[in-house]
A.B. asks: 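The structure's right below; bear with me while I get my questions together.
Chain A is the first sequence line, chain B the second, and so forth, proteins listed ahead of strands; every chain is numbered from 1.
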Number of protein chains: 2
Amino acid sequence: MAIDKSLLTGSATMLILKLLDETNMYGYQMIEELRKKSNNTFELKAGTLYPLLHTLEQKNMLTSYEETADNARVRKYYSITKFGRKHLKEKKEEWKAYTAAVNGVLGGASFATA
Amino acid sequence: MAIDKSLLTGSATMLILKLLDETNMYGYQMIEELRKKSNNTFELKAGTLYPLLHTLEQKNMLTSYEETADNARVRKYYSITKFGRKHLKEKKEEWKAYTAAVNGVLGGASFATA
DNA sequence: CCTCCATATGTAGGTGATCTATATACTATA
DNA sequence: TATAGTATATAGATCACCTACATATGGAGG
């Protein structure tokens with residue numbers, strides 16, 4: 001990962017919820033999607049994702065179901081819940097406020113668009 | 001702090017270096033400046049700042065000197081080094097790339113300006 | 001056929017940034 | 001003279017994410 005991993009903290013949950021807000025997905029697919037949508041910036045690790053999915057399911061932000069693919073391989077799909085969407089919305093607002101604050105320190109409003 | 005603290009990870013160093021890139025400061029002053037410049041979004045804790053300043057000095061990104069204020073109180077001022085400025089530049093580029101990637105996932109280029 | 005790589009999910013243990021809690025000490029104000 | 005604000009500092013806890021490891025299936029090439 002080109003980006004210092006320590007900058008990532010806290011974003012993984014938001015990004016996963018965002019993916020699932022568009023369509024149901026299985027874990028491995030989320031890793032691929034995040035990589036594509038971020039132009040190879042994000043390389044979310046399997047060891048990070050799966051425990052996180054379990055936690056989010058326990059917190060009732062996601063539900064899961066198994067589905068057999070064409071090749072008879074079983075995949076575990078995740079679906080976002082109403083509570084998950086609410087949480088996503090909050091996280092997005094936090095993200096906006098946070099980036100605005102950082103950019104404010106980094107050199108005023110001009111920084112973000114420079 | 002309105003913002004989930006977990007979103008902060010990794011930014012403290014960059015923000016401190018940025019403050020010192022403008023003018024020399026002492027620790028307590030940095031906390032105040034960050035709070036002001038971020039419209040009360042950042043409340044950097046003393047217990048976070050001081051160990052971080054010591055670490056950055058050990059890494060030769062900062063140097064320090066003591067100065068006595070009008071009221072005879074001794075303050076420890078920090079000054080950014082050439083190496084510190086180089087590091088700041090790198091961190092700023094990482095920050096830009098990271099926010100671009102997150103915004104890319106969150107809904108395309110339109111998100112940041114929405 | 002068999003080996004290797006990609007797909008797919010999972011757990012255990014470690015790292016690192018930040019926090020809370022605590023300590024010290026001086027200054028200003030009520 | 002007590003309380004709040006200024007100013008610096010350390011110890012221990014928390015939490016997100018990582019690496020390393022484990023397991024199993026499917027497809028491709030030798």
A.B. asks: Separation of B/E32 atom CD from D/dT8 atom C1', in whole Å?
C.D. replies: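 After rounding, the reported distance stands at 14 Å.
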A.B. asks: Kindly say if A/Y26 contacts the phosphate of C/dT9, meaning a side-chain N or O under 4.0 Å from OP1 or OP2.
C.D. replies: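 The answer is no; no side-chain N or O of A/Y26 sits under 4.0 Å from OP1 or OP2.
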A.B. asks: Between B/K89 and B/E93, is there a salt bridge with N-O shorter than 4.0 Å?
C.D. replies: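 Not counted as a salt bridge, because no side-chain N and carboxylate O are separated by less than 4.0 Å.
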A.B. asks: Does the side chain of A/R73 get closer than 4.0 angstrom to OP1 or OP2 of D/dT25 through an N or O atom?
C.D. replies: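 Answer is no, no contact under 4.0 Å.
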A.B. asks: Which whole-number value in Å describes the distance from A/I31 CD1 to D/dT19 C1'?
C.D. replies: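 Taking atom C1' of D/dT19 as the reference, CD1 of A/I31 is at 14 Å.
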A.B. asks: Parallel, tilted or perpendicular, judged at 30° and 60°: which one describes the rings of B/Y77 and B/Y65?
C.D. replies: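 Judged by the thresholds at 30° and 60°, the geometry between B/Y77 and B/Y65 is parallel.
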A.B. asks: Whole-Å distance between D/dG5 P and B/Y28 OH?
C.D. replies: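 Value for this atom pair: 8 Å.
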A.B. asks: Between atom NZ in B/K45 and atom P in D/dA7, what is the gap in whole Å?
C.D. replies: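 Between P of D/dA7 and NZ of B/K45: 18 Å.
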A.B. asks: Check whether any side-chain heavy atom of B/K45 lies under 4.5 Å from a side-chain heavy atom of B/E43, and answer yes or no.
C.D. replies: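 In contact.
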A.B. asks: Of the listed nucleotides (C/dC19, C/dT9, D/dC17), which one gets closest to any side-chain atom of B/L44?
C.D. replies: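 Minimum distance to the B/L44 side chain belongs to C/dC19.
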A.B. asks: Has B/T81 got a side-chain atom pairing as donor or acceptor with B/M61's backbone, closer than 3.5 angstrom?
C.D. replies: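 Answer holds: yes.
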A.B. asks: D/dA7 C1' sits how many Å from B/R35 CZ, rounded?
C.D. replies: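 From B/R35 CZ to D/dA7 C1': 15 Å.
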A.B. asks: Any sub-3.5 Å donor-acceptor pair from B/E57's side-chain atoms to B/S64's backbone N or O?
C.D. replies: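 Yes.
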A.B. asks: If you define the side chain from C-beta out and look only at heavy atoms, does anything of A/H87 sit under 4.5 Å from A/L56?
C.D. replies: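 Not touching, per the 4.5 Å side-chain cut-off.
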A.B. asks: Separation of B/L34 atom CG from C/dT18 atom C1', in whole Å?
C.D. replies: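 Atom-to-atom, B/L34 to C/dT18, this comes out as 14 Å.
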A.B. asks: Whole angstroms only, please: what is the CE-P distance between B/M25 and D/dT6?
C.D. replies: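 It is 16 Å, rounded to the nearest whole Å.
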A.B. asks: Please give, in whole Å, the distance from D/dT6 C1' to B/E33 CD?
C.D. replies: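 Spelled out: CD on B/E33 to C1' on D/dT6 is 16 Å.
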A.B. asks: Under 4.0 Å, heavy atom to any atom of DNA chain C: which of residues 46-59 of chain A qualify?
C.D. replies: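 Contacts with DNA chain C under 4.0 Å: A/A46, A/G47, A/Y50, A/P51, A/H54.
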A.B. asks: Do B/E22 and B/K18 sit within salt-bridge range, that is, some charged N less than 4.0 Å from a carboxylate O?
C.D. replies: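 So B/E22 pairs with B/K18 through a salt bridge.
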